[in-house]
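Remarks on the structure that follows.
These figures come from a predicted structure and were not determined experimentally.
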Amino acid sequence: VQLQASGGGLVQPGDSLRLSCTTSRDSFVTLDYWAIGWFRQAPGKEREGVSCISSSDGATYYEDSVKGRFTSSRDNAKNTVYLQMDSLKPEDTAVYYCVALAFCSNTWYTYNSDDWGQGTQVTVSS
């Protein structure tokens with residue numbers, strides 16, 4: 001299942017952004033059947049897991065550095081998953097990706113793939 005992230009941009013520290021995760025236009029995939037993981041990759045750094053939202057009960061899990069600032073949610077009617085990012089910091093600068101996972105396991109953040117789909121650039125800079 002290939003997904004595409006959108007909504008990135010250039011913002012100042014302390015600002016907010018909301019990323020969206022959707023399927024391609026010709027896809028009939030229903031996102032509410034999948035857990036959705038958000039990952040990011042900063043220049044010169046390894047890709048890291050940011051958040052996972054489960055399909056069954058909407059439970060969410062976050063990487064420590066974004067807890068309290070980022071919130072993942074679903075809108076099943078729009079077949080879209082969101083990542084609300086508040087109080088952004090320069091260290092949040094990265095390309096953000098979303099992926100479909102079977103579920104948010106204890107090791108969801110170790111997910112890897114040869115094809116991450118379309119990411120979206122988030123740049124936090126003054």
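Here disulfide (SG to SG under 2.5 Å) pairs that include residues 58-126, with residues two or more places apart or in two chains, are Cys21-Cys98, Cys52-Cys104. Applying the salt bridge (Lys or Arg N to Asp or Glu O under 4.0 Å) rule to pairs touching residues 99-120 yields nothing, sequence neighbours excluded. For residues 90-103, the pairs satisfying salt bridge (Lys or Arg N to Asp or Glu O under 4.0 Å) are Arg40-Asp92, Arg69-Asp92, with sequence neighbours left out.
Scored by the side chain to side chain contact (heavy atoms under 4.5 Å, CB included) test, Val11 finds Asp15, Leu17, Leu88, Val124 as partners (sequence neighbours excluded). Looking at residues two or more places apart in sequence or on another chain, you find a side chain to side chain contact (heavy atoms under 4.5 Å, CB included) between Gln84 and Ser16, Arg18, Thr71, Asp86. With sequence neighbours excluded, the residues satisfying side chain to side chain contact (heavy atoms under 4.5 Å, CB included) with Asp57 are Ser54, Ala59. Residues satisfying the salt bridge (Lys or Arg N to Asp or Glu O under 4.0 Å) criterion with Asp64, sequence neighbours excluded, are Lys67. In this view, Arg47 and Gln41 satisfy the side-chain hydrogen bond (donor to acceptor under 3.5 Å, both in side chains) rule, not counting sequence neighbours. Not a single side-chain hydrogen bond (donor to acceptor under 3.5 Å, both in side chains) links Ser73 to another residue, sequence neighbours left out. By the side chain to side chain contact (heavy atoms under 4.5 Å, CB included) test, Thr80 is found to be paired with Ser20, Thr22, Lys78, Tyr82, residues two or more places apart in sequence or in another chain being considered.
With hydrogens and angles disregarded, a donor-acceptor distance shorter than 3.5 Å links the side chain of Thr120 to the backbone of Gly8.
Here Leu101 is tied into one hydrophobic group with Phe39, Tyr61, Val95, Tyr97, Val99, Trp108, Tyr109, Tyr111, Trp116, each link being a pair of ILVMFWY side chains closer than 4.5 Å.
The distance from the NZ atom of Lys45 to the OG1 atom of Thr93 is 9.5 Å, given to the nearest 0.5 Å. Distance CD/Gln12 to OG1/Thr123: 13.0 Å, rounded to 0.5 Å.
Using a 4.5 Å cut-off on side-chain heavy atoms (C-beta onward), Met85 and Leu83 make contact. No side-chain heavy atom of Val81 sits under 4.5 Å from any side-chain heavy atom of Leu19. Side chains of Pro90 and Ser125 form no contact here, defined as non-hydrogen atoms less than 4.5 Å apart.
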Side-chain polar contacts of residues 31-38 - donor-acceptor pairs under 3.5 angstrom, sequence neighbours left out - could you list them?
none

